[in-house]
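So you know, we letter chains A, B, ... as the sequences are listed, proteins then strands, and number each from 1.
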Amino acid sequence: MRNAEIARRLTTLADLLEIDGANGFRVRAYRQAALAVENQPRQIADMLEAGEDLTDIEGIGEDLADKLATLVRDGRLPGLGDAEKRVPPALRDLLRIDQLGPKRVKALYDELGIQDLDDLRRAARNDEIRRLSGFGEKSQDKILDALERLDSEERRTPLHEAQQVAEPLVEYLRETGGVSRVTIAGSYRRRKATVGDLDILAVCDDSRAIMQRFTGYEEVDEVISRGKTRSSVRLGNGLQIDLRVVPAASYGAALYYFTGSKAHNVAVRRIAVDKGLKINEYGVSQGDEHLAGEDEEAVFAQVGLPFIPPELRENTGEIDAAYHDRLPRLITLDDIRGDLHMHTRDTDGRASLEEMADAGKRRGYAYIAITDHSQRLRMTHGLDSRRLREQMAAIDALNERIKGIRVLKSLEVDILEDGSLDLPDEVLDALDLCVASVHSRFELSREKQTERLLRAMDNPRVHIIGHPTGRIINRRDAYPLDLERLIDGARQRDCCLELNAQPSRLDLGDRYARQAKEAGVILAISTDAHATGQLGNMPYGIDQARRGWLEPDDVLNTRTLAQLQKRLKRR
DNA sequence: GCCGTTTTCGGCCCGACTGTTTTCAGTCG
């Protein structure tokens, strides 16, 4: 059983226990255990197999270690069956409805016999809910609204889409009189690949004025709440946005607090409590004495920690690393010296070879690699041996006359179903760099897909595996793949993995990028640009690389041209 | 259910807003 499935079962049990009115801390223990399992780099099943002690994992004690062992062995989580007898499992779905928490879900079940979303919809339409004590007219209306939203579209917003909404809104808010700062906190500031909502923080002399302006923004569809310090709205596209107004003296504490993640905050606050300190969104205090709040660094300093970059604040080891002064020196856009994956008009790109080279030069790159598709990808007019040779000759000619940037002769060669490559070795031998990617047969079994990729890496001409999991955010899941084996295989073969920076791909994602780094695998952060402007997607890749704890040395395209060429030859 | 330099019991992060309430519970982040 995979970690994701174990985490799912733990979360299910936590939900059911919560509805059943179990001790809240017990519920939280199950949720934290689910999180711990999900963030565990190794498979729980493998750890058990190796006889390792699960209680070494923070958040897993004796009891849960036993339960996890049973779950992995028998496929049954102790306690889950009982809970499902007491609480209809479909009641969990009701928790997804805004404004419905465990208490009210329980009330709906006890009083009206509501067991699932359909029951809820019926009861709301029949005007039954408003009659319930603790509910009313507005609650019933809100439930109907939320049900409708759930039907229409349920998904997190990709970071780049959120950015397109957020930036103009922030500008708009900055134009309010008396505003001195406007910043977006939350998962947006942590640069998660997708965001659930936006948390905006503002410092303003006149909170009423900015709240007025915020709720009056032209794209606002619904005002969910409106107060002196906090308001929430929903935009026409469904995205929820919270605005908080804080005094300047609390700006740093509020920024820290609302940047999260929740798990990170809870862990740091636990340290603070041990030191007799209290942290909230207004500052750090001891008794009545206010110790810090104006800036984030000071908040960290009070708990004895250096500044932790937002991208790392997930409670996955960053607090311990900070404590021992072992935080990574995270990669930045300035460290990048070239882009190793892009297309031209020869296949499915929109710009010419020369235009791509000029665009790379304008970004200050020392090198770019032209990686058009190979023949198998008919719909992109993929290159066969003859056309590839022509392109290579054109690149040689271009390198003769262009100054200040080196264009590498490359290819994004298709990995065929059996793991062999789409063009013969003697053709690939003439390339400077070779990226190999899967574009077909996504439905192969996990075993076969993994073997296919390992086999492709067996060919020493392959330097980089492109978009290794094939996921497209909100549109296509990763194909079944044993990422741990792939990463280990890449390490053994000294092959690089790509971190594809296309905002809809971000593949490898943050977690696997980190696993690759820890295994000693070098990543290439590449835009996969199909037009000159898309070379500008590099920052999205950098974001995820930072979330994956990557340092400049972990990344192939931070190398100088000479270093890069040496490394490419070594394969 | 977890955890422990306040250690095997008794804590466990904390404040804002809403709706349904006469003083606050529930939800959210």
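- Taking atom OH of residue A:Tyr188 and atom P of nucleotide B:dG29, one finds them 19 Å apart after rounding to whole Å.
- Comparing atom distances between the A:Pro102 side chain and each of B:dA16, B:dC12, B:dT27 picks out B:dT27 as nearest.
- Only the C1' atoms considered, B:dT8 is 12 Å distant from B:dC2, to the nearest whole Å.
- In this structure, the CG atom of A:Asp141 is 14 Å from the C1' atom of B:dT20, given to the nearest Å.
- The side chain of A:Tyr30 lies closest to B:dG1 when the candidates are B:dG1, B:dG15, B:dT27.
- For A:Asp197, counting side-chain heavy atoms from C-beta on, the closest listed nucleotide (B:dG29, B:dT27, B:dC2) is B:dG29.
- Using atom C1' as the reference point in both B:dG1 and B:dT5, the two lie 23 Å apart (nearest Å).
- One C1' atom belongs to B:dT18, the other to B:dT22, and the distance between them is 16 Å to the nearest Å.
- Within the 4.0 Å cut-off from OP1 or OP2 of B:dG15, at least one side-chain nitrogen or oxygen of A:Lys278 is found.
- Searching all strands for a Watson-Crick or G-U wobble partner of B:dT8 with both distances below 3.5 Å returns nothing.
- OP1 and OP2 of B:dC14 both lie 4.0 Å or more from every side-chain N or O belonging to A:Asn280.
- In this structure, A:Glu62 atom CD and B:dT8 atom P are separated by 17 Å, rounded to whole Å.
- In this structure, the CZ atom of A:Phe135 is 16 Å from the P atom of B:dA25, given to the nearest Å.
- Geometrically, A:Arg174 does not engage A:Tyr172 in a cation-pi contact defined by less than 6.0 Å to the ring centre and at most 45° from the axis.
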Residues A:Arg546, A:Asp543; criterion salt bridge (charged side-chain N to carboxylate O under 4.0 Å, His left out); working and verdict
CA-CA 5 Å; A:Arg546 289 169 63 86; A:Asp543 286 339; 5.7 Å; no
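- Rounded to whole Å, the distance from CD on A:Gln140 to C1' on B:dT18 is 17 Å.
- Atom CD in A:Gln240 sits about 14 Å away from atom P in B:dC17, given to the nearest Å.
- Of the listed nucleotides (B:dC2, B:dA16, B:dT27), B:dA16 has the atom at the smallest distance from the side chain of A:Arg230.
- Only the P atoms considered, B:dT6 is 15 Å distant from B:dC12, to the nearest whole Å.
- Here B:dT20 presents its P atom at 18 Å from NZ of A:Lys103, a figure rounded to the nearest Å.
- Among the atoms of the strands shown, none is found under 4.0 Å from any heavy atom of A:Phe258.
- Closest to the side chain of A:Asp63, from the set B:dG1, B:dA16, B:dG29, is B:dG1.
- Judged by distance alone, the side chains of A:Asp127 and A:Gln140 do bring a donor and an acceptor atom under 3.5 Å apart.
- Contact annotation: A:Lys142 does not reach the phosphate of B:dT27 (side-chain N/O to OP1 or OP2, under 4.0 Å).
- Counting any heavy atom pair closer than 4.0 Å across all strands shown, A:Asp199 reaches sugar-phosphate atoms only and no base atom.
- Using a 4.0 Å cut-off between charged nitrogen and carboxylate oxygen, A:Asp242 and A:Arg230 do not count as a salt-bridge pair.
- A salt bridge links A:Arg234 with A:Asp98: the distance from a Lys NZ or Arg NE/NH1/NH2 to an Asp or Glu carboxylate oxygen falls below 4.0 Å.
- A:Lys275 comes within contact range of no nucleotide atom at all, as no heavy-atom separation falls under 4.0 Å.
- The P atoms of B:dT21 and B:dA16 are separated by 24 Å, rounded to the nearest whole Å.
- Within the nucleic acid shown, A:Lys228 comes within 4.0 Å of sugar-phosphate atoms alone, with no base atom in reach, counting heavy atoms only.
- The separation of B:dG29 from B:dT23, taken at their P atoms, amounts to 29 Å, rounded to a whole angstrom.
- The nearest whole Å value for the distance from the CZ atom in A:Arg244 to the C1' atom in B:dC28 is 9 Å.
- In summary, A:Glu314 and A:Lys192 do not engage in a salt bridge, as defined by a charged side-chain N under 4.0 Å from a carboxylate O.
- Distance from the side chain of A:Lys138 is smallest to B:dG19 among B:dG26, B:dG1, B:dG19.
- Applying the 4.0 Å criterion to OP1 and OP2 of B:dT20, one finds that A:Ser139 has a side-chain N or O inside that range.
- Rounded to the nearest Å, the gap between the P atom of B:dG11 and that of B:dC17 is 30 Å.
- One finds the CD1 atom of A:Ile184 at 11.0 Å from the CG atom of A:Leu243 (value rounded to the nearest 0.5 Å).
- In terms of phosphate contacts, A:Tyr257 brings no side-chain nitrogen or oxygen within less than 4.0 Å of OP1 or OP2 of B:dA16.
- Residue-to-nucleotide proximity on DNA chain B shows that, of A:Leu277 and A:Gly136, the 5′-proximal contact is made by A:Leu277.
- Residue contacts shown for A:Glu58 are limited to sugar-phosphate atoms, with no base heavy atom under 4.0 Å away.
- Spacing of C1' atoms, B:dG10 relative to B:dG15, comes out at 24 Å, to the nearest Å.
- Salt-bridge check for A:Arg313 with A:Glu296: passed, with a basic side-chain N closer than 4.0 Å to an acidic carboxylate O.
- Across the interface with DNA chain B, nearest-nucleotide mapping of A:Ser225 and A:Asp242 shows A:Ser225 to be the residue nearer the 5′ end.
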